[in-house]
There are 2 protein chains.
Amino acid sequence: MPGQHTLDETESQVATRLAGMDLDFEAMAVTANLFRAANAARNQMERTVLAKSNLTWTGFVVLWVAWIWESAETREIASEAGVSKATLSGVLTTLESRGLLVRKRGERDGRLVTVELTTAGKRLMKGLFPEFNKAERRVTRGLDSAQLPAIAEYLRQITQAASD
Amino acid sequence: MPGQHTLDETESQVATRLAGMDLDFEAMAVTANLFRAANAARNQMERTVLAKSNLTWTGFVVLWVAWIWESAETREIASEAGVSKATLSGVLTTLESRGLLVRKRGERDGRLVTVELTTAGKRLMKGLFPEFNKAERRVTRGLDSAQLPAIAEYLRQITQAASD
DNA sequence: TCGAGATCGTTCGGGTCCAAACTATCTCCG
DNA sequence: CGGAGATAGTTTGGACCCGAACGATCTCGA
């Protein structure tokens, strides 16, 4: 759902408006399109896959991390999901109240909390993830599939550079 | 600030955990790393550039769109910024109360609202954007600069595929 | 052993974020 | 004309989002 300006028009307006300034326009184009792509993909997947299960994006990611790792500590979930521990705390409360996961206080270290999916949570992920993957396939369908691993690698480099 | 698992460990755990399922793992790697990269870059730029001006990410993007287009209609800002009109309405109220922009009711069409930066808003953007661009350069520093335009193009394709 | 400092998850306050409902305005057809 | 329907921005309610402050727990050196 494009606005009333096309992407090309926007980028050309940017170039005109900022002409003469000492800027890295190529870096700008990469980051601008990075955020546009992530946003568009997220909105698309929220609407087509997550909405029918009444899950938010973050809720889904949290469930996904706990599912993949069988059982995960909260600080790790926060890191993987890309949210602060404060945010995660609230999201966990929401998901726990819906019976999708449980918190368990660490036995050896009383400060830690680990998260485990309930049976309902596992069933939900098992049914939902293949659909989610279809949506992942859909948003990457414009790309040459031979290039996919290289593109993933470029994105890892960005994550790396932004993480210190 | 990586979690306690490295990115490699995570991807290998994913592969093990989901082995045997009929999934597109390459599409998965691209989207997963897309969100990781966007998130890491956003957090980095919020902390290093935006925080000192007490601006949120969305607030900055909204100011940026209005700045680039001199004056913009709200539905267009919402589309460019990737937020709903409901969200934009609140963000505009925040920025307006801080004296960075003004709303103007459309003269020909009384339903429309256009947004213009105040002098203070323009001054802020003029000072902030070069710094923002430095951060953009920073998060792309791990990439071969000859590849930058191609990478921007890949990301445009994802946006395209996710937009209908 | 015992307390200073580190680390963990939660709480708090204020700002996004969205869908749905709402008000105001415009369009256009009968 | 006049009103039915389309369109624009705002409000509402509930969830996310973060930094900072907090209480609980652990560690480790004197």
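Below, chain A is the first sequence line, B the second, and so on; all start at residue 1.
Within 4.0 Å of B:Arg108, counting heavy atoms only, lie sugar-phosphate atoms of the nucleic acid but no base atom. As judged by a 4.0 angstrom heavy-atom cut-off over every strand, A:Thr94 is placed among residues touching the sugar-phosphate backbone only. Nucleic acid contact for B:Thr56: sugar-phosphate only, since backbone atoms but no base atoms lie under 4.0 Å from a heavy atom of the residue. As judged by a 4.0 angstrom heavy-atom cut-off over every strand, B:Gly90 is placed among residues making no nucleic acid contact. Within 4.0 Å (heavy atoms only), A:Ser84 reaches at least one base atom of the nucleic acid.
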Full working for side chain to side chain donor-acceptor pair (under 3.5 Å) between B:Gln157 and B:Glu153
CA-CA 6 Å; B:Gln157 306 277 4; B:Glu153 183 57 27; 3.2 Å; yes
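In terms of position on DNA chain D, the residue among A:Arg42 and A:Asp109 whose nearest nucleotide sits closer to the 5' end is A:Arg42. With DNA chain D read from its 5' end, the first of the two nearest nucleotides for B:Asn39 and B:Thr87 is the one closest to B:Thr87. For B:Glu107 and B:Ala86, each mapped to the nucleotide of DNA chain C holding its nearest heavy atom, the one lying further toward the 5' end belongs to B:Ala86.
Here A:Glu73 does not pair with A:Arg103 in a salt bridge; the nearest charged N to carboxylate O distance is not below 4.0 Å. Ion pair A:Arg156/B:Glu11 flagged as a salt bridge, since at least one NZ, NE, NH1 or NH2 atom sits closer than 4.0 Å to an Asp/Glu carboxylate oxygen.
When distances are taken from the side chain of B:Arg111 to each of C:dC26, C:dT16, D:dG9, the shortest belongs to C:dC26. Of the candidate nucleotides C:dG9, D:dT10, D:dG19, D:dG19 has the atom lying nearest to any side-chain atom of B:Arg47.
Summarising the geometry, the separation between CG on A:Leu88 and P on C:dC12 is reported as 18 Å, rounded to the nearest angstrom. At whole-Å resolution of the value, CG in A:Leu50 and P in D:dA15 are 16 Å apart. Put simply, CG on A:Leu55 is 12 Å from C1' on D:dA15, counting in whole angstrom units. When rounded to the nearest whole Å, the span between CG of A:Asn43 and C1' of C:dT16 equals 14 Å.
Across A:Leu23, A:Leu18, A:Asp22, a single residue satisfies side chain to side chain contact (heavy atoms under 4.5 Å, CB included) together with B:Asn133, and that is A:Leu23.
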